[in-house]
Amino acid sequence: MSTYFLSIFIGTFALEDAALIAAITLASQNKISYEAAFVASFLGIAIGDIGIYIMGFLSTKLKFISQLGFFKKNQQKLARFRKKHSIGYLVVVSRFLPGTRVITYLLAGISGYSFLRFNVLTLISVFVWVLAAFMGGLKLMNYFSNNIFLGMAILILIFYLLNQVLPKFFDKWEREILFNSWRKWTSFEFWPAWFFYIPLYFYYFFQSIRYRSFFVPFYINPTVHNGGILGESKWDFLQHLNAADSSTLKTIKFAKDQRLIDLKKELEKNEFKYPIILKPDVGQRGFGVRIIRNEIDLESYFKDSSFDLIVQDYCSFRNEAGIFYIRYPNESKGFIYSITDKKFPTVTGDGKSALGDIIAADSRARILLPAYYGRHQEKLDTVLPKGEQLFLSECGNHCQGALFFNGQELITPELTEAIDIISKKTPHFYFGRYDLRYESVEKLKKGEGFKIVEINGASAEATHIWDPSTPVLTAYKSLLHQWGILFAISYELKKQRELVHQVHIWSFLKESAKVYFRKEKMSISS
């Protein structure tokens, strides 16, 4: 019994709900007495709540605690709670109002609310909460006594709804996100990646059988890790660009095991000026790409990162394009397979509505509320002046809200030649996509006035398929065709590599034979 008691008690500090469910389940199975399970849960939760208060109190005394990411991200919520209600009232209510407890208890500590009063209110609140959970939970488990696993599943579902879904009803903007969450299924443009790419998995398997190897695509772009199909480094491509070219943005790589002060020294050494771009060296679909406008942004990003970084100059060009380039191994020149013209969405103020309401009123923007609300959470209640425009996204990534359009009309011989020249600076580069910012359509068509933001390898796709007007079958047809080319080029490169390998082996055998017979001849003559 002591082992179960300690497990429940310690478990409350990690996952309160999981510990409660375990306590109720164990008590219903007579593995531990109801009283012991209740006491273990009560003590663990109460001590944890008091610890949150102490953390808030210490944040006003110890500066390093107030620098934690949690405090920085929730400054607006902390200020909002302070203005709306008395702290004592919130201490009691937040125990039964999911999603508000941590913020409230931190606020109580930060504001210097009476430690004695907090303890009394917390102990009473926790007692009532645990008692209610045990009464309801035990009744449920007894009802499903013949199927303990079904009872646990229902109990887990109830706790999930209470803690993950119910809180969203108490925040206006969270409600908007929840009520519009179904809309992503109305267009394949917003389907989850795992769902959209299901046909591609089967096609990959088919092509693997056809070319007699599951790893054929890994042979594309031989000088890049895995050809750029898995775990590719952005630096593998960017390091080959000529720093003197007008199309090259100043870029450096920064290792994850270095300190923040080292990063600041590198920025100063390389004469970077804010704003700058930070992103993971290995990342997909816009993960971790951020515009860093000052040292506060820099420090916040650095603390949350645990990967090698790419540091890059920020390009102020308001236009972005994704250019998919292909070159067959036996041809001297490559071609542009696809161009995606990217636009950054904006909203316009009317002088009356809050920013959050304006975003939710847009038929497309409401599908991406989690991205837009997350990025502008501090401004959602702000009323935009009439006629004022606000960019909802400034990164050319689809998952971050950028608009993608088919830009095939931008392909010209001049642009093709410019991209082909740049591509040949990366040794054996045959297949991939350039993401670049450009000044104007006219200059881009001439192969001028653009800056390369990123180069992607074999895992890249022709992103023009995400044009809202593209039918889903057309998108799949384009992707299948692209992957067919990938397999064909990779197979050709694989054969060339094996042929060279065979030639090397044959040459080695011939030379070895010559040496052997020479030695034999020498030994006979001697």
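Because the structure is predicted, anything quoted here is derived from the model rather than measured. Scope of the values below: all heavy atoms of this structure, side chains included, with no hydrogens, waters or symmetry mates.
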I'd like to know whether [atom1] of [X] has more than 12 heavy-atom contacts from other residues, nucleotides or ligands below 6.0 angstrom.
{"X": "K333", "atom1": "NZ", "result": "no"}
{"X": "K477", "atom1": "NZ", "result": "no"}
{"X": "K379", "atom1": "NZ", "result": "no"}

I need the [X] [atom1] to [Y] [atom2] distance, nearest 0.5 Å.
{"X": "L392", "Y": "Y373", "atom1": "CG", "atom2": "OH", "value": "10.5 Å"}
{"X": "Q207", "Y": "Y204", "atom1": "CD", "atom2": "OH", "value": "10.0 Å"}
{"X": "F450", "Y": "I422", "atom1": "CZ", "atom2": "CD1", "value": "4.0 Å"}
{"X": "R437", "Y": "R318", "atom1": "CZ", "atom2": "CZ", "value": "7.0 Å"}
{"X": "E378", "Y": "L355", "atom1": "CD", "atom2": "CG", "value": "12.0 Å"}

Any side-chain donor near an acceptor of the partner, E492 and Y430, under 3.5 Å |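 Looking only at side-chain atoms, Y430 and E492 do not form any donor-acceptor pair under 3.5 Å.
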Side-chain donor-acceptor pair under 3.5 Å between D467 and S469, yes or no?
->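 Indeed, the side chains of D467 and S469 share at least one donor-acceptor pair under 3.5 Å.
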Hey, are [X] and [Y] close enough for a salt bridge, meaning a charged N less than 4.0 Å from a carboxylate O?
{"X": "E271", "Y": "K250", "answer": "no"}
{"X": "K172", "Y": "D381", "answer": "no"}
{"X": "E268", "Y": "K265", "answer": "no"}
{"X": "K445", "Y": "E409", "answer": "no"}

With under 30° as parallel and over 60° as perpendicular, where do the rings of [X] and [Y] fit, or are they tilted in between?
{"X": "F429", "Y": "F237", "answer": "perpendicular"}
{"X": "F196", "Y": "Y476", "answer": "parallel"}
{"X": "F195", "Y": "W191", "answer": "perpendicular"}

Using a 3.5 Å distance criterion without hydrogens, assess whether the side chain of [X] forms a donor-acceptor pair with backbone atoms of [Y].
{"X": "R175", "Y": "F179", "answer": "no"}
{"X": "Y105", "Y": "S94", "answer": "no"}
{"X": "Q408", "Y": "I339", "answer": "yes"}
{"X": "N270", "Y": "F272", "answer": "no"}

Which salt bridge (Lys or Arg N to Asp or Glu O under 4.0 Å) pairs, counting each pair once, include a residue from residues 201-219, with sequence neighbours left out?
->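 Residue pairs passing salt bridge (Lys or Arg N to Asp or Glu O under 4.0 Å), neighbours aside: none found.
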4.5 Å side-chain heavy-atom contact, Y211 and S490 =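 Of all side-chain heavy-atom pairs linking S490 with Y211, none is under 4.5 Å.
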Side chain to side chain donor-acceptor pair (under 3.5 Å) with Y337: which of H481, R433, H464, Q482?
->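 Exactly one pass, corresponding to H481.
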